[in-house]
Q: 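The structure that follows is given in the form of structure tokens.
Read the numbers this way: they start at 1 and go in the same order the structure lists the ligands and their atoms. Along the sequence shown, residues carry numbers from 1. What's counted below: heavy atoms across the whole structure, side chains too, no hydrogens, waters or symmetry copies.
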Amino acid sequence: MRKIAWLLTAVLFGCAAMAQAQEVIKLPEPKTSGGMPLMQALKERKSGRDFSSQKLPLTTLSSLLWAAWGINRPDGHRTAPSAQNKQEMDVYVAMSDGLYLYEAAQNQLRKILPDDIRAATGMQDYVKDAAADLIYVADLAKSGWKNPEDIEFYSGADTSFLAQNVYLFCASEGLSAVVRGSIRRPELAKLMKLRPDQKITLSQSVGFPKK
Ligand SMILES: Cc1cc2nc3c(=O)[nH]c(=O)nc-3n(C[C@H](O)[C@H](O)[C@H](O)COP(=O)(O)O)c2cc1C
């Protein structure tokens with residue numbers, strides 16, 4: 001009898017853990033038209049470090065992630081280029097209710113952790129206040145690059161295109177954003193449970209500016 005109760009508890013715990021690991025947020029369709037004219041967005045692009053505590057509406061989050069790294073053509077190509085079209089970048093999103101992975105093909109966020117790890121995504125005080133801290137991660141299993149110079153150069157370059165897309169989207173939407181290189185990478189990678197061949201490149205805080 002005791003054995004059966006133990007087994008049942010283990011199964012229940014296992015199911016709960018699986019349910020949490022598989023939790024996804026289906027994003028609304030991104031808004032892929034309109035916005036500020038490009039030349040004006042370029043005029044207004046800037047780094048802002050003042051964030052209010054206001055959360056990003058899901059439609060804004062969806063459009064932001066689509067701008068960063070969404071699929072914009074039927075053949076699966078993206079809004080940002082990547083070296084040899086390896087598409088090795090992953091965008092993780094740290095918010096108050098957890099850490100998520102953006103899955104562009106399904107237009108969804110997969111919950112990776114239930115914890116608020118925003119403060120650990122950077123070394124400056126404001127990172128814990130931003131509604132979303134994006135963490136750019138190069139997955140070397142996708143790229144296949146082995147040469148350390150290729151890894152550094154291509155993953156760094158590829159990240160920059162995503163980050164600039166986010167800057168321009170934020171300029172257009174009146175959001176505050178700042179890209180950040182100051183990250184305790186080994187600690188953050190451990191917290192995010194990344195594999196050794198997943199490399200954190202940059203992070204970018206996004207949110208509504210303080211009024
Ligand atoms: C690769 C890179 C790393 C950066 N790292 C940080 C950072 O860790 N913290 C920060 O507050 N700003 C960081 N910035 C933002 C720069 O400070 C900012 O772009 C610069 O001051 C120019 O301001 P602007 O973006 O408004 O033109 C970084 C920018 C780049 C391109």
Q: Any N/O of Ser47 closer than 3.5 Å to an N/O of ligand 1?
A: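 Yes: some nitrogen or oxygen of Ser47 is under 3.5 Å from one in ligand 1.
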
Q: Taking atom CG of Leu140 and atom NZ of Lys142, what is their separation to the nearest 0.5 Å?
A: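 Between atom CG of Leu140 and atom NZ of Lys142 there are 11.0 Å.
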
Q: Quick one: are the ring centres of Trp69 and Tyr102 less than 6.0 Å apart?
A: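 Centroid distance Trp69-Tyr102: not below 6.0 Å, so no.
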
Q: Would you mind telling me if ligand 1 is within reach of the side chain of Arg45, the backbone, both or neither, using heavy atoms under 4.0 Å?
A: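 Just the side chain.
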
Q: Strictly by modelled atom types, are His77 and Asn72 linked by a side-chain donor-acceptor pair under 3.5 Å?
A: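 Per modelled atom types, His77 and Asn72 side chains form no pair under 3.5 Å.
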
Q: Using only heavy-atom distances, determine whether the side chains of Tyr92 and Gln198 contain a donor-acceptor pair under 3.5 Å.
A: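 Yes, a side-chain donor-acceptor pair sits under 3.5 Å.
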
Q: With heavy atoms of Tyr126 as the reference, note each atom of ligand 1 found under 4.0 Å away.
A: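 That gives atoms 9 (N), 10 (C), 11 (O) of ligand 1.
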
Q: Starting from atom 9 (N) of ligand 1, locate the nearest protein heavy atom and write down its residue, its atom name and how far away it is, to 0.1 Å.
A: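 Of the protein heavy atoms, Gln124 OE1, 2.8 Å lies nearest.
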
Q: Flag atom 6 (C) of ligand 1 as yes if some protein heavy-atom distance to it falls below 4.0 Å, otherwise no.
A: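 When distances to the protein are checked, atom 6 (C) of ligand 1 has a heavy atom within 4.0 Å.
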
Q: Which one of Thr159, Val127, Val179 has a non-hydrogen atom at the shortest distance from atom 2 (C) of ligand 1?
A: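 Closest candidate by heavy-atom distance is Val179.
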
Q: Give me the nearest non-hydrogen protein atom to atom 17 (O) of ligand 1 as residue plus atom name, then the distance to 0.1 Å.
A: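 Checked against all protein heavy atoms, atom 17 (O) of ligand 1 sits closest to Arg49 NH2, 3.1 Å.
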
Q: Going by a strict under-4.0 Å cutoff (protein heavy atoms only), does atom 22 (C) of ligand 1 have a neighbour on the protein?
A: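 Not a single protein heavy atom is under 4.0 Å away.
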
Q: If you take the nearest heavy atom of each of Val178, Leu202, Thr201, which one is closest to atom 1 (C) of ligand 1?
A: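 Of the listed residues, Leu202 has the closest heavy atom.
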
Q: Can you name the atoms of ligand 1, numbered from 1 with element, that are less than 4.0 Å from a heavy atom of Lys46?
A: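 Counting from 1, the qualifying ligand atoms are 26 (O).
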
Q: Looking at side-chain heavy atoms only, is the closest gap between Leu109 and Leu61 below 4.5 Å?
A: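 Contact flag for Leu109/Leu61 side chains = yes.
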
Q: So, Arg49 and Ser205: side-chain donor and acceptor under 3.5 Å apart, yes or no?
A: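 No.
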
Q: Considering only heavy atoms, which of Ser205, Ala177, Ser182, Gly181 lies nearest to atom 4 (C) of ligand 1?
A: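 Residue with the shortest heavy-atom distance to the ligand atom: Gly181.
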
